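Report on the structure given below.
Residues take their numbers from the sequence shown, with the count starting at 1. In this text, all values refer to a predicted model and were calculated from it rather than measured experimentally.
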Amino acid sequence: HCIIPMLRERPFAPSAIPGTFHVLVMTAESELTGQEMRVLLAEDDADTAALVAHGLGEAGYRVETIARGDAALAAAAGAFDLAIVDRMLPGLDGLEVVRRWRADGVKTPVIMLTALGSIGDRVAGLGAGADDYLVKPFALAELSARVGALLRRPPLADPPTRFSAGDVTLDLLRREVRRGGREVRLQPREFGILEQLMRNAGRIVTRTMLLEAIWGFHFDPQTNIVESHLSRMRGKLNDGFDSDPIETLRGIGYRMRGDD
């Protein structure tokens, strides 16, 4: 098991949930945020779990400890600010726990804690979705520092799925385009061209950029495929309107007019 500074252990009480127990520690508010930060600790060795939870509790974190992988998977990991997961857990391997969290869209930062320290093991842990990998034996001070470093990272923002420029809106999830509230039906590549223009509204999008983004071409095929698709898309977008929201900059590219 891991070697960490000997701390005065606090009692822990068995939980009503099989495979879990909660370490009873009083926690302070985080100096970084002014809020109590919640940490999920998945560790099957009770002594290690108690000492780690005690140390993190003293550092100002509220720690919930789970002793089985299947129980960790069932936990609402997204409700925690950070998770520490032992790789070799009973019930379900820690790698699989993290892999399934990520597949379910859980973005909680994860530190993998394990005695398996080869390069291949580290690569597997990070590849499964862990953000950091700490090998036993370890110093509690290092674990606490890594926890703090991950929690200082700004949260990942969800990529935008809806764009607007003037009276034109594009919804990626619905694959829907509207102008002035009226739906405009586009073919997939026409939609893709408009998406690139909308993502870069107010900025120039070159012909080369469209060839790479829509067709995957990294060379000029010496055809008018961009122009023909863009012409058809423009015809549909401008049908019934007196103005064209797309500017053509001769010899340079195209630009979607912004809201101004």
Side-chain angles (χ1 to χ4, degrees), residues 1-27 37-104 106-148 150-151:
H1 301 301
C2 59
I3 299 173
I4 56 179
M6 292 303 296
L7 301 171
R8 178 171 51 84
E9 295 186 35
R10 298 186 182 185
F12 57 88
S15 168
I17 304 174
T20 71
F21 54 87
H22 303 280
V23 180
L24 305 181
V25 288
M26 296 299 294
T27 60
M37 307 295 280
R38 301 185 65 205
V39 175
L40 176 63
L41 173 61
E43 169 61 67
D44 62 318
D45 181 74
D47 290 337
T48 298
L51 289 172
V52 169
H54 179 113
L56 293 181
E58 291 291 335
Y61 303 104
R62 180 183 175 186
V63 182
E64 179 174 333
T65 303
I66 292 178
R68 292 180 58 87
D70 46 6
L73 182 63
F80 291 85
D81 298 290
L82 182 136
I84 301 171
V85 180
D86 183 30
R87 178 162 176 173
M88 295 184 290
L89 291 170
L92 188 66
D93 179 79
L95 278 182
E96 188 61 25
V97 171
V98 176
R99 189 177 290 115
R100 294 190 191 182
W101 278 345
R102 297 306 189 224
D104 290 339
V106 175
K107 298 179 181 178
T108 302
V110 174
I111 298 176
M112 188 71 72
L113 197 65
T114 176
L116 301 176
S118 71
I119 296 297
D121 292 323
R122 294 171 190 261
V123 170
L126 296 172
D131 299 275
D132 200 355
Y133 196 100
L134 186 58
V135 178
K136 302 176 182 179
F138 61 89
L140 184 57
E142 181 181 3
L143 174 61
S144 181
R146 288 172 182 256
V147 168
L150 280 178
L151 290 175

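- Between Ile66 and Ala71 the shortest heavy-atom distance is CG2-CB, 3.5 Å.
- Separating the OG1 atom in Thr108 from the CZ atom in Phe80 is a distance of 9.0 Å, to the nearest 0.5 Å.
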Run the side-chain contact (heavy atoms from CB on, under 4.5 Å) test on Asp44 and Arg68 for me, step by step, so that the C-alpha distance in whole Å, both residues' side-chain angles and the decisive distance to 0.1 Å come before the verdict.
CA-CA 6 Å; Asp44 62 318; Arg68 292 180 58 87; over 6 Å; no
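- Under the 4.5 Å side-chain criterion, counting only non-hydrogen atoms from C-beta, Leu116 is in contact with Met88.
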I'd like to know whether Tyr61 forms a side-chain contact (heavy atoms from CB on, under 4.5 Å) with Leu41, so could you lay out the CA-CA distance, the side-chain angles of the two residues, the decisive distance to 0.1 Å, and finally the verdict.
CA-CA 11 Å; Tyr61 303 104; Leu41 173 61; over 6 Å; no
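- Here the closest non-hydrogen pair linking Val52 and Leu140 is CA-CD1, 4.2 Å.
- Taken to the nearest 0.5 Å, the CG atom of Asp81 stands 11.5 Å off from the CG atom of Leu150.
- When all heavy atoms of Thr65 and Ala53 are compared, the closest pair comes out as OG1-CB, 4.1 Å.
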Show, in sequence, the C-alpha distance, side-chain angles and deciding distance for Tyr133 and Asp121, and conclude whether the side-chain contact (heavy atoms from CB on, under 4.5 Å) test is met.
CA-CA 9 Å; Tyr133 196 100; Asp121 292 323; 3.5 Å; yes
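- Rounding to the nearest 0.5 Å gives a distance of 10.5 Å between CG of Asp132 and CE of Met112.
- Here the CZ-CG distance, from Arg62 to Leu56, works out to 14.5 Å after rounding to the nearest 0.5 Å.
- Nearest heavy atoms, Lys136 versus Glu43: NZ-OE1, 3.1 Å.
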Does Ile84 form a side-chain contact (heavy atoms from CB on, under 4.5 Å) with Leu134? I'd like the steps, not just the answer.
CA-CA 10 Å; Ile84 301 171; Leu134 186 58; over 6 Å; no
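- Residues Pro109 and Asp131 approach most closely at CA-OD2, 3.2 Å, considering heavy atoms.
- In this structure a side-chain-to-backbone donor-acceptor pair under 3.5 Å is present from Asp93 to Leu95.
- Side chain of Arg102 to backbone of Gly129: a donor-acceptor contact under 3.5 angstrom is found.
- The line from CZ of Arg122 to OG1 of Thr114 is 10.0 Å long, rounded to the nearest 0.5 Å.
- Of all the heavy atoms in Ala75 and Leu40, the pair that sits closest is CB-CD2, 4.2 Å.
- The one candidate from Leu92, Asp70, Asp86 that meets the side-chain contact (heavy atoms from CB on, under 4.5 Å) condition with Val97 is Leu92.
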